[in-house]
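As the structure is a prediction and not an experimental result, all values here were calculated from the model.
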Amino acid sequence: MPTTENDVPSNSIPLALQSLFYKIQYSDTSVATKDLTKSFGWDTYDSFMQHDVQELNRVLCEKLEDKMKGTAVEGTIQQLFEGHHMNYIECINVDYKSTRKESFYDLQLDVKGCKDVYESFDKYVEVERLEGENKYHAEQFGLQDAKKGVLFIDFPPVLQLQLKRFEYDFMRDTMVKINDRYEFPLQLDLDRENGKYLSPDADRSVRNLYTLHSVLVHSGGVHGGHYYAFIRPTLSDQWFKFDDERVTKEELKRALEEQYGGDEELPQTNPCFNNTPFKFTKYSNAYMLVYIREADKDKVVCNVDEKDIAEHLQIRLKKEQEEKERKRKEKAEAHLYTIIKVGRDEDLQNQIGKDIHFDLVDHEKVRSFRIQKQTPFTQFKEEIAKQLGVPVECQRFWLWAKRQNHTYRPNRPLTDQEEAQTVGHLKEASNKAHNAELKLFLEVQRLPGADSVPIPPPIKTKEDVLLFFKLYNPEKEELRYVGRSYVKASGRPADILERLNEMAGFPPNEEIQLYEEIKFEPNVMCEHIDKKSTFRASQLEDGDIICYQRALTRGEEDVCRYPDVPSFLEYVRNRQNVHFRRLEKPKDDEFCLELSKQHTYDDVVERVAEKIGLEDASKIRLTSHNCYSQQPKPQPIKYRGVERLSDMLVHYNQTSDILYFETLDLPLPELQGLKTLKVAFHNAKTEELSVHNIRLPKQSTVGDVVNELKGKVELSSPRAELRILEVFYHKIYKIFPLNEKIENINDQYWTLRAEEVPDEEKELGPQDRLIHVYHFTRDASQNHMVQNFGEPFFLVVRESETLVEVKGRIQKKLLISDEEFSKWKFAFLSLGRPEYLQDGDVVAARFQKRDTYGAWEHYLGLEHTDSAPKRSHTTNQNRHNFEKPVKIYN
């Protein structure tokens, strides 16, 4: 697949795959898949969420197919994986046959009830007879006995088989994993028994003999598990097991027989006793099989060497490999070296007010030197002289120290004895925290003027204190580093005011205010300095920071947001850029606001309302972000439900910078006292006519909802009665009593349906039955599993009423044409099992229970195809959907 040197693996699926396979082929160690999952557009949450491997395989193939269009390799996916089969229905007594050709990239084979792959293929092509009540409606010939089945037109060079080990268990009402023993051969002959799987149109000259290439194993159950694979990349006798970062050689038996599943016996621990052997079910078994056709194996499993790999790819990957090798070597030799990080005045000037505001420097962004531990420190100083242009005699190095208040400041200069040591000894002696790095501050004195030539540092006595100075501009809200200076501990700030004004560029007699920056964790501490007290009395020592500013008039203070250093540092400490997204568009940033973590709930909603031009901020409702799912949390933030913005952004131990908002039609405090129900109104034909949001006080009853609805819908008569039903997955589960409180009704998962009560239900006789009637279809690809669809309804059946009479009333109720209705079949279903009814059967006899509702698993089923267009919306959507299908976004 063509890729270019400008592509980035994390954004290009083809390049990420090429890079991955190159590394697998030429690397001696395991290879990470991070670039590949990034190229899918996945975040960390997607990468760690369990996906179905077959679904991922299909989605990835579709993406690759799409990206190959218009290139030299267009159609490669189809050539490798695409096969075709023919669905047919052939009448027995008349000359009529209907066929439909379909393509497939993989085949799903039944495991349950099948001993091996061959039995699954036998079942796949099994002929179903359509006769009796199940006759086929043939054009021009009406209902006819017929044969229905599937035959294969051609198989692909690479045959992917998915074994259906997961299915729905009706008795337990849950998905289960089938761990039955299921065998698969090393060689698969799909021409067996004179080509029994092939259609008459198949090319019989192609030999469909396949060799097993790989076995994908699922270990675990329905709710979670682990995938690993057995592969023989060149189809040799040697198998390999690929299990995350571990690749091991394996024998044939491990790849084949041990992945059949089924039960296994534990060997007897004491053969003297005739104990019954203990059996246990194996939960690790084959889930997907890949076979390669013998005739195509030389084309599919071919050697790929460097001449087949694009030059730009080789250059890129060799550079990556060299960089990886350099890092590996560095890591292996790390114990021989010390990393020395040197902070300088230039770093303080570049960082303070831009990257940082507190302390003096971010050590991750200063010059770093990797020096052998045995190197004398004097030799390191010579290296500094070469690289930074500071003569050795002009260098003075200070050790940094972490103080008890969690600040990090230059503490003391190195002594002559310390500088005489090796780098390794100096690090060990000075590093109480046993960090891998030695952090130093390089003090360089310079002559004033344009040249600023370095000069030897002055002799430092115990009386000399080295202070660092930051200047704050309240009008511009800017803080910057303006220099450092030695002062006498017995001196006073008043003695250095002219020097500070000069550093700031102020007139010599400008009045300034001085503050000491003491700490910023967990809270900011910045205190005013008395200019008349001595530095010693103010407890100022080496490495301390003085922030100063021009003294403001009262009028100037009023126009500045942060008129002094403490208020500005407080703002900086708490400011937070928050990305706001509309709740209905949870992936897209709508706007960003700079807020304070100390902002109250009211502050935040007012800023949002101001941003979107909404007058009433109480109509804004906010929802926090789930850092793990990267989705909005299911429940919104209640009105004034949290004190501060910082509380809105915390999710367990994670902090987010995202909030979701929605604009309500009522103020949130008022809305929280109400309950909103989404109710769909249906007519007598069970068709949905309208959907209404009914909003009432939480103490209201279902009767109040009905009264509210009556004013919104068109009734058949003024005396018509309404009822509200609970519908879930096309079944009716409940009729709500009119006196039931609405506060506990949940419409997030169930559909609430309102309908008129039919007159016939108001006049039920003692022997009449009110039964559930549901539409259903049976999916041949899912073991003829019953699937309900459409709108369910109630029907009154009389004591001796036959099916033919009931059918007439159903057809009239639903207004179905004679032609369409003739194709419908009718069955009594109990717990998902259909028992088909004849026209003369008495329907009420099947329904022994007298309940008017609750027996939703016993119903009259109407079997027919679902011809209704797919709904563009559902009335029972949860606020957010967290069940994510496999998606590749790029």
Side-chain angles (χ1 to χ4, degrees), residues 83-104 107-110 112-115 117-155 164 189-204 208 775-787 789 802-804 807-808 810-811 816-829 832-841 860-867:
H84 299 88
H85 52 53
M86 177 186 76
N87 291 295
Y88 69 87
I89 298 177
E90 186 175 4
C91 292
I92 296 170
N93 301 317
V94 297
D95 185 16
Y96 181 86
K97 186 174 183 179
S98 168
T99 61
R100 186 175 74 253
K101 180 180 178 181
E102 290 183 355
S103 64
F104 64 86
L107 293 173
Q108 294 182 290
L109 300 183
D110 284 330
K112 195 166 187 178
C114 297
K115 183 185 76 173
V117 170
Y118 287 121
E119 281 198 11
S120 295
F121 268 99
D122 291 345
K123 192 171 181 180
Y124 206 99
V125 300
E126 201 170 53
V127 176
E128 180 185 354
R129 294 185 73 87
L130 306 178
E131 54 192 10
E133 289 293 316
N134 200 24
K135 286 185 178 182
Y136 175 65
H137 186 82
E139 290 177 20
Q140 303 170 350
F141 298 103
L143 294 174
Q144 293 289 329
D145 292 340
K147 295 183 296 183
K148 178 183 176 184
V150 176
L151 288 170
F152 290 92
I153 299 169
D154 55 62
F155 292 104
K164 288 159 67 175
D189 187 357
L190 295 178
D191 290 332
R192 66 195 285 260
E193 296 182 27
N194 200 28
K196 64 188 284 188
Y197 307 130
L198 300 175
S199 75
D201 302 332
D203 183 357
R204 302 284 173 136
N208 291 305
H775 303 267
F776 77 97
T777 185
R778 299 180 73 187
D779 189 346
S781 66
Q782 298 288 330
N783 287 333
H784 297 281
M785 188 167 77
V786 168
Q787 292 183 336
F789 65 91
T802 61
L803 178 64
V804 71
K807 281 165 64 174
I810 289 175
Q811 184 179 5
I816 308 297
S817 68
D818 290 344
E819 182 183 0
E820 173 64 24
F821 200 68
S822 67
K823 301 174 189 175
W824 288 24
K825 290 189 282 185
F826 295 78
F828 169 72
L829 285 95
R833 294 189 187 86
E835 185 183 327
Y836 288 95
L837 303 175
Q838 304 298 319
D839 281 352
D841 289 343
L860 178 63
L862 317 179
E863 184 181 3
H864 59 98
T865 55
D866 182 7
S867 57

When rounded to the nearest 0.5 angstrom, what distance separates [atom1] in [X] from [atom2] in [Y]?
X	Y	atom1	atom2	result
Thr865	Trp824	OG1	CH2	9.0 Å
Leu862	Ile810	CG	CD1	5.0 Å
Leu829	Tyr836	CG	OH	7.5 Å
Glu133	Glu863	CD	CD	11.0 Å
Phe821	Glu819	CZ	CD	14.0 Å
Asp841	Asp839	CG	CG	8.5 Å

Quick one: are [X] and [Y] in side-chain contact, heavy atoms under 4.5 Å?
X	Y	result
Lys164	Lys112	no
Lys196	Asn194	no
Leu109	Val117	yes
Lys807	Phe826	yes
Ile92	Lys147	yes
Tyr88	Val127	yes
Gln144	Lys135	no
Lys97	Cys91	no

Taking [X] for its side chain and [Y] for its backbone only, find out whether a donor-acceptor pair lies under 3.5 Å.
X	Y	answer
Ser120	Asp110	yes
Gln811	Ile816	yes
Asn208	Leu190	no

Can you tell me if Tyr136 and Glu131 form a side-chain donor-acceptor pair at under 3.5 Å? no

For residues Gln787 and Asp866, is any side-chain donor paired with an opposing acceptor at under 3.5 Å? no

Nearest heavy atoms of [X] and [Y], plus distance in Å:
X	Y	value
Gly113	Glu119	O-OE1, 3.9 Å
Phe155	Leu198	CE1-CD2, 3.7 Å
Leu860	Leu837	CD1-CD1, 3.8 Å
Ser199	Met86	CB-CE, 4.0 Å
Leu107	Tyr124	CD2-OH, 3.7 Å

Would you please indicate if the ring centroids of His864 and Phe789 are separated by under 6.0 Å? yes

Assign the ring pair Phe152 / His85 to parallel, tilted or perpendicular, where the plane angle (0 to 90°) is split at 30° and 60°. perpendicular

Geometric cation-pi criterion, Arg192 with Tyr197: 6.0 Å, 45°: no

With a 4.0 Å cut-off, would you call [X] and [Y] a salt bridge?
X	Y	answer
Arg129	Asp145	no
Glu102	Arg100	yes
Lys101	Asp201	no

For Lys115, does the NZ atom have more than 12 heavy-atom neighbours from other residues, nucleotides or ligands under 6.0 Å away? no

Report the C-alpha distance between Asp203 and Asp154 in whole Å, list the side-chain angles of each, state the deciding distance to 0.1 Å, and finish with yes or no for side-chain contact (heavy atoms from CB on, under 4.5 Å). CA-CA 7 Å; Asp203 183 357; Asp154 55 62; over 6 Å; no

